[in-house]
Structures are given as structure tokens and as C-alpha cells.
Chemist: 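For reference, the structure I am asking about is given below.
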Amino acid sequence: MFSTVDKLNNRVVLAYGLYGNQKVSLEIDKNDPFFKQHLSEIWQTASAYPTKIHLRELAESFSLMSFSRPPDFIMIEVKKCVFDPESAEVTYDIVNETTVSYDQISRAAK
Amino acid sequence: MREYFKNRIRQLNEIDNLEASLKITLVLFVFSNWVTGDRWEYFTPVLILAALALVLPGFYKSKYLWYSVAFVFILKTISEWWFQDNHLFVNTYWAISIAFALSFKDVKKVLAANARVMIGLIFLFAIVWKFLSPDFISGSYFHFTFLTDIRFIEEATLFGDVSRSEIGSNIIKLNEFENASIEQVTLTSSSRIKGLTRLVTWHTVVIELLLAILFLLPARLRLSRYRNYFLVGFVLTTYLAMPIHSFAWLIIAIGISQVRDDEWPDKAILIACLPVTLIYQYVPFMQWLSDYFNK
């Protein structure tokens with residue numbers, strides 16, 4: 001992914017908690033020790049090679065997080081950067097996404 | 001004075017290729033967090049082995065040392081396969097090549113042949129990938145990089161007619177994409193940056209293509225004689241703008257091992273490039289120039 005706008009640092013990984021019809025963005029602090037210890041590598045792998053398996057692994061790692069109100073589902077999206085040099089406009093296109101039942105992954109984690 | 005410099009250059013040229021190349025590689029590995037990142041499992045063994053190899057007489061050419069270093073790099077490469085920086089793969093290949101070469105009787109010849117092919121293939125694959133990447137050939141890649149990468153801020157402000165605050169605001173806009181509600185942003189650009197982009201793009205294409213050809217040409221062809229000068233040209237021009245001194249250092253170390261005895265004064269010039277890569281990295285002269293012209 002070198003020599004292209006779609007390189008690793010320019011990809012965006014978004015995580016959401018789904019509560020019924022409501023989609024809530026899960027704010028991730030990448031400087032948080034929890035992120036560094038449990039999520040960092042899986043996050044980067046999902047970003048670089050966003051297969052369903054890698055995205056599911058990332059979603060599963062959210063079972064280690066404590067939620068005041070656990071979501072019904074965890075949704076992961078990986079987006080790549082697209083740059084139009086004429087207009088200098090940047091958009092992000094979805095590369096892959098997955099949704100996993102929180103109940104299922106938290107039971108599997110136990 | 002002239003005689004003094006001539007003698008120093010002659011001395012540099014008389015240094016054994018194998019010793020120079022291996023020790024220069026080990027100096028890089030002493031700063032192992034540059035090449036392995038900050039994970040202690042990888043940088044600590046590489047740092048200890050490299051330091052011992054530089055201190056203990058003759059240890060630098062022990063095949064066991066290089067197999068051990070290669071083993072650490074292989075472990076790191078396997079565990080970080082998907083997101084390891086492309087330059088770090090070259091460290092792994094180089095450590096493996098040295099370990100294998102040291103297992104042969106004619107170490108210098110084997111290492112030189114491997115080094116030459118390795119440099120040729122590095123640039124061949126790099127240039128093939130660049131041609132396959134429409135972002136690169138169209139100039140989009142460097143255009144976007146100059147507008148959003150803090151490492152190129154001096155070059156962009158000096159030659160691209162965008163201010164530091166505009167680049168700062170571009171970076172903030174991009175970070176807002178982490179917030180899912182944003183669909184698109186428009187970066188602040190300039191018409192001059194397109195010219196800069198074209199220059200840097202085509203400089204990279206031409207020099208990398210020439211390096212691939214010159215290093216992969218059979219040694220008997222006279223044209224291949226100029227390969228080391230192009231390698232020097234590549235290091236001195238590319239790393240002036242790209243702050244990747246660890247790769248510049250590594251490519252020089254690999255380059256030194258394949259210089260032939262009759263190629264005077266190539267080795268001395270390559271060795272002289274080493275401090276230049278550090279000057280490029282640490283002396284903020286681009287910032288001084290940028291500040292001076294943007295007053």
C-alpha cells in the first residue's frame with residue numbers, strides 16, 4: 001500500500017454500537033493503555049487487510065470493553081481515502097464492514 | 001590539503017567491503033527501535049546482538065549472529081505482516097542474505113551478488129508498483145502527501161505555496177473523518193503544488209527505473225559501471241525530501257557490499273553519504289530555508 005493515497009495511515013476504522021435502530025459511534029482513544037494492549041494490533045490488521053475474519057476479530061475484542069449499556073450489535077467499518085487532485089476533495093469509500101452480535105461475542109469471551 | 005583528502009579517500013576505499021557493509025548495518029541495528037519499532041521483544045535482542053558484534057573482535061562476521069538477527073526480524077515480520085512498513089521487509093531480507101552468505105566459503109562474492117540483485121529487485125518492484133498505482137503516476141499521491149503529511153511541511157511551504165496553518169487545517173479536517181458523520185472535505189491546495197508534485201513524481205520514476213536497470217544489468221556491460229553513482233544520486237536527492245534516514249542508511253550498507261575493487265572511488269563516496277543522511281534527518285535546514293523565504 002505504499003505510493004498510493006490508500007495507504008495504511010490514511011485508512012479509517014470506525015466502530016459502532018447498534019442499539020435497536022440507533023447507531024452510536026464508539027469513541028476510541030488510541031493513546032489509552034487498553035487500546036494499546038488489546039486492540040492496537042487487531043485494529044491495524046483490520047485496517048490493512050479488512051477481511052470479514054479480521055473485522056470479526058476486531059469486533060470480538062470489544063467484548064473486553066465495559067459498557068454502561070451493552071449494545072445489541074457491534075459494527076465495524078473500514079474506509080479508504082480517495083483524493084481528487086483537481087478539486088482537492090477527499091472522500092472515504094467503504095472497503096468492508098461487518099456486524100456481530102454483542103451477546104454472542106461476550107458469551108464467547110467468557 | 002589536497003593530498004590529505006586524497007589519502008583519506010584512498011583509505012576509505014581500501015576498507016574491506018564485507019567489514020564495512022556489515023558494520024554499517026550493525027550501527028543501524030544499534031538504533032534498533034528505528035528498524036523494529038518500539039516493541040521490546042524485537043528491539044532488545046537486535047540492540048544487544050548489534051552492540052556485541054561491534055565490540056567483540058570478529059563477531060560481526062559470525063553466521064550465528066546474523067541467523068539470530070534474521071530470526072528476530074522474521075518473527076517480527078510474521079507477526080506484523082499486514083501492517084509492517086515496507087522498508088522493514090528489506091532489513092529482514094538483508095539479514096537473511098548476510099547469514100546465508102556467511103555460510104559459504106567465498107562470502108564476499110556471494111554477498112556482493114546477492115546485494116546487487118537485491119537492490120535491483122527492490123527498485124524493480126518499487127517501480128512496477130508505482131506504475132500499477134494510478135494515484136502515483138497521476139501525481140495524486142504526492143499532491144495529497146504534501147497537503148496532509150507533517151513530515152513534508154517544509155517542502156510544501158517552500159516550493160508549494162501553501163502555508164503551515166493551511167497544512168495544519170488540512171490535517172485537522174482529515175482527523176474529523178474519524179467522526180463518522182462527515183462525508184467529504186476539501187483540502188486547501190495551490191496551483192504551484194501541482195508543479196512540485198509532477199517534479200517529485202517523475203524524479204522518483206526516472207531514478208528508480210534507472211537503478212533497477214543498472215543493478216540488474218550483467219556486470220560485464222559497461223553501463224552497469226555507473227550504478228553506484230545513481231545510487232548516490234538517489235540517496236542525496238530522495239532523502240533530502242523524505243525523512244527516512246534508516247532506509248537510506250541500509251541501502252548504502254547494501255550498496256557498499258557490492259562495489260568491485262576496480263570501481264574507484266565508489267565505496268568512499270557511498271561511505272561519505274552516511275553522515276549526509278543523518279544531516280538530512282536532524283539538521284532543520286529545510287525549515288530554515290522555509291522560514292527565510294516565507295518571512
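Naming convention: chains lettered A, B, ... in sequence-line order (proteins, then strands); numbering from 1 in each chain. Values below: every heavy atom of this structure, side chains too, minus hydrogens, waters and symmetry copies.
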Chemist: Quick one: what part of A:S87 sits under 4.5 Å from any heavy atom of chain B, side chain, backbone, both or neither?
Modeler: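 It is the backbone, since no side chain atom gets that close.
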
Chemist: Kindly check if the number of other-residue, nucleotide or ligand heavy atoms within 6.0 Å of OH (A:Y19) is above 12?
Modeler: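 It does: A:Y19 OH has more than 12 such atoms within range.
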
Chemist: Look at B:T188, B:T197, B:T186 and state which one has the largest set of heavy-atom pairs under 4.5 Å with chain A.
Modeler: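 Highest number of heavy-atom pairs under 4.5 Å: B:T186.
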
Chemist: Using heavy-atom distances under 4.5 Å, tell me whether B:K173 contacts chain A through its side chain, its backbone, both, or neither.
Modeler: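 It is neither, since no heavy atom gets under 4.5 Å.
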
Chemist: Let me confirm one number: the CD-CG distance from B:Q84 to A:L8, rounded to the nearest 0.5 Å.
Modeler: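 Answer for the CD-CG pair, B:Q84 versus A:L8, is 12.0 Å.
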
Chemist: Tabulate below the donor-acceptor pairs under 3.5 Å that side-chain atoms of residues 27-37 of chain A make, not counting sequence neighbours, or state none.
Modeler:
{"unit_1": "A:D29", "atom_1": "OD1", "unit_2": "A:N31", "atom_2": "N", "d": "2.9"}
{"unit_1": "A:D32", "atom_1": "OD1", "unit_2": "A:F34", "atom_2": "N", "d": "2.7"}

Chemist: Distance check, rounded to the nearest 0.5 Å: A:E86 atom CD versus B:S138 atom OG?
Modeler: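 These two atoms lie 9.5 Å from each other.
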
Chemist: Counting C-beta onward and ignoring hydrogens, is there a side-chain heavy-atom pair between B:W82 and A:Q44 closer than 4.5 Å?
Modeler: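 With C-beta onward as the side chain, the pair stays apart.
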
Chemist: Of the non-hydrogen atoms in B:S133 and A:S3, which two are nearest, and what is the gap between them?
Modeler: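 In terms of heavy atoms, the two residues are closest at OG-O, 3.0 Å.
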
Chemist: Please report the closest heavy-atom contact between B:D135 and A:D6, naming both atoms and the distance.
Modeler: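 Taking every non-hydrogen atom into account, OD2-N, 4.0 Å.
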
Chemist: Within a reach of under 6.0 Å around CZ of B:F83, are more than 12 heavy atoms found that belong to other residues, nucleotides or ligands?
Modeler: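 Counting other residues, nucleotides and ligands, CZ of B:F83 exceeds 12 neighbours.
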
Chemist: Does atom CZ of B:R192 have more than 12 heavy-atom neighbours, drawn from other residues, nucleotides or ligands, at distances under 6.0 Å?
Modeler: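 Buried by this count: over 12 neighbours within 6.0 Å.
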
Chemist: Flag the one option from A:T91, A:V5, A:V13 with the top tally of heavy-atom pairs under 4.5 Å to chain B.
Modeler: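 So the answer, after comparing A:T91, A:V5, A:V13, is A:V5.
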
Chemist: Most heavy-atom pairs under 4.5 angstrom with chain B, which of A:K23, A:H54, A:E89?
Modeler: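 Heavy-atom pair counts peak at A:E89.
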
Chemist: Determine, stepwise, if the pair B:L174 / A:Y92 fulfils side-chain contact (heavy atoms from CB on, under 4.5 Å).
Modeler: CA-CA 10 Å; B:L174 280 188; A:Y92 278 79; 3.9 Å; yes

Chemist: For B:K76, does the NZ atom have more than 12 heavy-atom neighbours from other residues, nucleotides or ligands under 6.0 Å away?
Modeler: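 It does: B:K76 NZ has more than 12 such atoms within range.
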
Chemist: What do the steps show when you test B:R39 against A:E41 for side-chain contact (heavy atoms from CB on, under 4.5 Å), and what is the final call?
Modeler: CA-CA 12 Å; B:R39 283 184 59 177; A:E41 259 190 66; 2.8 Å; yes

Chemist: Taking the side chain as C-beta and beyond, is there a heavy-atom pair between A:T4 and B:F136 under 4.5 Å?
Modeler: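 Side chain of A:T4 against side chain of B:F136, heavy atoms only: no contact under 4.5 Å found.
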
Chemist: Using only non-hydrogen atoms and a strict under-4.5 angstrom cutoff, which residues of residues 145-152 of chain B touch chain A?
Modeler: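 The list, in residue order, reads B:L147, B:D149, B:R151.
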
Chemist: Heavy atoms, side chains only, cut-off 4.5 Å: are A:N10 and B:F144 in contact?
Modeler: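 Touching, per the 4.5 Å side-chain cut-off.
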
Chemist: Is B:S140 close to chain A through its backbone or its side chain, or both, or neither, when contacts mean heavy atoms under 4.5 Å?
Modeler: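 The answer is both parts of B:S140.
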
Chemist: Can you tell me if CG on B:L121 sees more than 12 non-hydrogen neighbours from other groups inside 6.0 Å?
Modeler: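 Result for CG/B:L121: enclosed.
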
